[in-house]
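Have a look at the structure below before the remarks.
When reading the values below, keep in mind they use all heavy atoms of this one structure, side chains included, and skip hydrogens, waters and symmetry mates. For the single chain, residues carry numbers from 1 onward in sequence order. The shown structure was predicted, so the numbers you read here are calculated from the model rather than taken from an experiment.
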Amino acid sequence: MALYRDTVITAIGAERNPVVLVGHSFGGITISNVAETIPERIKTLVYVAAFLPRDGVSLLDMAKTDAGSLVVPHLHVDSAAGVMRLDAAGTALFAQDGTVEQQALVAASSAD
């Protein structure tokens, strides 16, 4: 989480005026972390179909409550390593509007 937050902070570092941050999906968590860290640099936060968990609630916790999620069944969590990954079928969900070639490329790049 710190890497995402710090990358955004670095990106807005040269701006003289407070910025508007837009977060989509997981980006909602990131822009919230940025705003908590440097509130004086933020004018507005915009959440577009984004996650905004309460303190102590993880993205995975929130995702598991979404009974209609097509992604959650394809998540594989390795708690010991602190990572989560999607299998190829789950990753392919993010290319549904792509061409057949793009879908094949996504599937190949995420092979188990």
Can you give me the closest heavy-atom contact between [X] and [Y], atom names plus distance?
{"X": "D87", "Y": "G90", "result": "OD1-N, 2.8 Å"}
{"X": "A50", "Y": "G28", "result": "CB-CA, 3.7 Å"}
{"X": "V106", "Y": "A95", "result": "CG2-CB, 3.9 Å"}
{"X": "S32", "Y": "L45", "result": "CA-CD1, 4.5 Å"}
{"X": "Q103", "Y": "Q96", "result": "NE2-O, 3.3 Å"}
{"X": "G56", "Y": "D61", "result": "O-OD2, 4.3 Å"}

Distance-only donor-acceptor check, side chains T30 and N33, under 3.5 Å: no
Inter-residue atom distance [X].[atom1] - [Y].[atom2], 0.5 Å rounding:
{"X": "I31", "Y": "Y47", "atom1": "CD1", "atom2": "OH", "result": "4.5 Å"}
{"X": "I12", "Y": "N17", "atom1": "CD1", "atom2": "CG", "result": "12.0 Å"}
{"X": "D78", "Y": "R85", "atom1": "CG", "atom2": "CZ", "result": "9.5 Å"}
{"X": "T91", "Y": "L86", "atom1": "OG1", "atom2": "CG", "result": "4.5 Å"}
{"X": "M62", "Y": "K64", "atom1": "CE", "atom2": "NZ", "result": "13.5 Å"}
{"X": "H24", "Y": "F51", "atom1": "NE2", "atom2": "CZ", "result": "9.0 Å"}

Would you indicate whether the side-chain heavy atoms of [Y] and [X] approach each other to under 4.5 Å?
{"X": "V72", "Y": "D66", "result": "no"}
{"X": "I42", "Y": "V19", "result": "yes"}
{"X": "L21", "Y": "V46", "result": "no"}

Between [X] and [Y], is there a donor-acceptor pair closer than 3.5 Å when you use the side chain of the first and the backbone of the second?
{"X": "R5", "Y": "E36", "answer": "no"}
{"X": "S25", "Y": "G27", "answer": "no"}
{"X": "H74", "Y": "A89", "answer": "no"}

Is it true that [X] and [Y] fall in one hydrophobic cluster, defined by side-chain heavy atoms closer than 4.5 Å?
{"X": "L52", "Y": "V8", "answer": "yes"}
{"X": "V57", "Y": "M1", "answer": "yes"}
{"X": "L3", "Y": "V83", "answer": "no"}
{"X": "V77", "Y": "L70", "answer": "yes"}

Verdict with supporting geometry, Y4 and V34, side-chain contact (heavy atoms from CB on, under 4.5 Å): CA-CA 9 Å; Y4 293 106; V34 170; over 6 Å; no
Flag if over 12 foreign heavy atoms under 6.0 Å of CG, D97: no
